[in-house]
Amino acid sequence: MTTDIQIALVGNAPKEQHSLLNSMLDEEGLTDLCDIVLYGADGQPEFEALQDALDDYADGQIQGIVCLPMTRPAEELVGRALEKPGETFAALDNGIIRVGTVLTAADAKTATQQLTGEAIQKRGEQLWRMLKRDLNVQNPRIAVLSVGDSVDAAEGSTDTTVIAPAITELVKKGIEAFGPVSAATFFDTQNYKAYDAVLQIYGTQCTAAYRALGNEPVISLIGGTETPVASAEADGMYRALWAVMDIRRNRVEYDEPFANPLEKLYHERREDGEKARFAIKKKGFNPAEHRRENVKFVTRNTPQQEQETPEETEK
């Protein structure tokens with residue numbers, strides 16, 4: 001069956017995974033939803049195949065991209081192909097909670113040396129927008145992990161001088177960010193159930209505990225690009241295809257109310273702000289007439305005075 005949705009499958013799968021991919025591509029339920037267009041299956045270099053897929057998306061020939069595992073992370077290759085290095089990022093998705101990463105550093109020591117509040121804020125904002133626009137999460141809650149296994153509350157620590165202030169800035173921007181929370185116990189104590197996503201500081205910080213959490217294959221959602229892109233191992237390819245189609249639909253629904261807003265037909269005075277509103281001169285009001293020296297005070301008569309007759313007053 002031919003549909004209006006064309007999804008690109010980019011990369012060369014290992015031979016031992018060909019049967020798994022073929023069975024997935026032949027599945028009747030999938031072919032009813034989209035058509036798969038293969039890029040790189042003929043031995044074309046993976047970066048060139050990805051570039052071709054991105055160009056075809058820009059031309060409207062395909063509506064999303066799913067990447068097989070490549071020699072370099074998919075988010076890095078997408079950024080290079082779009083000439084936006086450092087702007088794209090990956091968020092892991094196991095069907096329960098998503099994990100974003102601030103730095104590509106491999107350990108806590110290197111991460112501590114490289115970490116800045118600006119980097120945390122940038123990735124936090126990107127992850128929040130992905131949750132809202134791509135995944136249709138109405139009010140995303142994001143937990144930010146500590147740089148070490150446990151939270152270091154000592155004065156001058158990275159947790160108190162870098163991570164905590166960055167979280168405060170995210171909150172000021174209307175983002176529901178919390179932390180820092182203990183990286184070692186976040187998944188063990190099931191704290192993750194209170195959040196929609198977690199922001200780890202470096203690449204391997206909680207990956208092992210996260211992958212052991214759910215029963216679904218883990219896929220990577222690529223953010224920072226208008227092209228819906230996901231990456232997965234062969235056993236997660238079906239989930240990745242569904243994710244790309246969901247992202248495409250969610251973005252359309254999210255952007256639609258903002259596309260052509262109607263112009264306002266009248267001006268509301270309250271929109272001028274409190275300062276302007278109170279600065280408006282009230283009709284018929286003359287401040288000079290209300291100065292203290294111009295006010296005549298009237299003293300009430302005491303009960304005794306009220307009982308006195310005019311004759312008694314004359315005496």
Side-chain angles (χ1 to χ4, degrees), residues 66-67 69 73-76 78-79 86-108 110-111 114-115 119-137 139-151 159 163 166-167 170 175-225 228-233 235-236 239-240 242-244 246-247 250:
V66 174
C67 297
E75 65 274 17
E76 179 182 327
V78 171
E87 293 299 317
T88 52
F89 70 100
L92 300 178
D93 185 354
N94 64 357
I96 300 175
I97 188 174
R98 296 88 186 177
V99 174
T101 306
V102 179
L103 301 172
T104 58
D107 54 62
T110 306
Q114 298 177 354
L115 188 63
I120 297 173
Q121 292 181 55
K122 177 180 178 179
R123 189 66 79 234
E125 291 176 28
Q126 289 179 319
L127 183 59
W128 180 84
R129 180 170 173 79
M130 172 185 279
L131 292 168
K132 290 273 289 185
R133 184 170 180 247
D134 296 356
L135 304 178
N136 196 28
V137 180
N139 187 30
R141 294 168 57 88
I142 301 174
V144 183
L145 298 185
S146 58
V147 70
D149 289 338
S150 58
V151 179
D159 287 339
I163 298 179
I167 294 173
L170 289 172
I175 296 174
E176 295 284 343
F178 303 86
V181 297
S182 172
T185 62
F186 182 75
F187 290 107
D188 295 340
T189 58
Q190 297 191 352
N191 288 339
Y192 65 88
K193 292 184 178 180
Y195 304 97
D196 301 291
V198 56
L199 191 60
Q200 63 178 359
I201 303 303
Y202 56 94
T204 60
Q205 190 173 22
C206 67
T207 304
Y210 177 75
R211 288 185 177 275
L213 184 62
N215 297 322
E216 296 286 343
V218 176
I219 64 174
S220 293
L221 308 177
I222 310 304
T225 172
V229 183
S231 176
E233 301 284 347
D235 59 347
R239 282 199 66 229
W242 273 100
V244 166
D246 285 344
I247 289 171
N250 290 337

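Residue numbers count from 1 along this sequence.
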Enquirer: Identify the heavy atoms of G236 and I219 that sit nearest to each other, and give their distance.
Expert: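 Between these two residues, the closest heavy atoms are O-CG2, 3.5 Å.
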Enquirer: Look up atom CG in L221 and atom CG in L127, then write down how far apart they are to the nearest 0.5 Å.
Expert: 10.0 Å
Enquirer: Within the structure provided, determine whether T88 and E76 are in side-chain contact (heavy-atom separation under 4.5 Å).
Expert: no
Enquirer: Quick one, I201 and I163 - any side-chain contact, counting heavy atoms below 4.5 Å?
Expert: yes
Enquirer: Would you compute the distance between atom CD of Q121 and atom CG of L199 and round it to the nearest 0.5 angstrom?
Expert: 11.5 Å
Enquirer: If we only count heavy atoms from C-beta on, is the L135 to R98 side-chain gap below 4.5 Å?
Expert: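 Sidechains of R98 and L135: in contact.
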Enquirer: Any chance the side chains of Q126 and R123 put a donor and an acceptor closer than 3.5 Å?
Expert: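 Yes, side-chain donor-acceptor contact under 3.5 Å.
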Enquirer: What pair of heavy atoms forms the shortest contact from P217 to D235, and how long is it?
Expert: CG-O, 3.5 Å
Enquirer: If you look only at pairs with a residue in residues 195-209, which of them pass as a side-chain hydrogen bond (donor to acceptor under 3.5 Å, both in side chains), with sequence neighbours excluded?
Expert: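 Listed once each, the pairs are T101-Q200.
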Enquirer: List the atom of P69, the atom of E233, and the distance in Å for their closest heavy-atom pair.
Expert: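 Shortest heavy-atom separation between P69 and E233 comes out as CG-OE1, 3.4 Å.
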Enquirer: What are the two closest heavy atoms between I167 and P180, and how far apart are they?
Expert: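 I167 and P180 have their closest heavy atoms at CD1-N, 3.6 Å.
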Enquirer: Look up atom CD1 in I97 and atom CD1 in I142, then write down how far apart they are to the nearest 0.5 Å.
Expert: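 Going from the CD1 atom of I97 to the CD1 atom of I142 covers 10.0 Å.
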Enquirer: Would you sort out whether K122 and E87 count as a salt bridge (charged side-chain N to carboxylate O under 4.0 Å, His left out), showing the intermediate values?
Expert: CA-CA 10 Å; K122 177 180 178 179; E87 293 299 317; 3.3 Å; yes
Enquirer: Is there a donor-acceptor contact under 3.5 Å from the side chain of D134 to the main chain of R129?
Expert: no
Enquirer: Can you list every pair that meets side-chain hydrogen bond (donor to acceptor under 3.5 Å, both in side chains) and has a residue in residues 208-225, with sequence neighbours left out?
Expert: N94-Y210
Enquirer: Kindly state each residue pair satisfying side-chain hydrogen bond (donor to acceptor under 3.5 Å, both in side chains) with at least one member in residues 180-194, sequence neighbours excluded.
Expert: S182-T185, T189-N191, Q190-K193
Enquirer: Minimum heavy-atom separation for C206 to L145, with atom names?
Expert: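 Closest approach of C206 to L145: SG-CD1, 4.0 Å.
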Enquirer: To check you understand the geometry: which heavy-atom pair defines the closest contact between L170 and E125, and what is its length?
Expert: CD2-CG, 3.9 Å
Enquirer: Can you check side-chain contact (heavy atoms from CB on, under 4.5 Å) on V151 and V181, steps first, answer last?
Expert: CA-CA 6 Å; V151 179; V181 297; 5.5 Å; no
Enquirer: Nearest 0.5 Å please: distance from the CH2 atom of W242 over to the CD1 atom of I247.
Expert: 13.5 Å
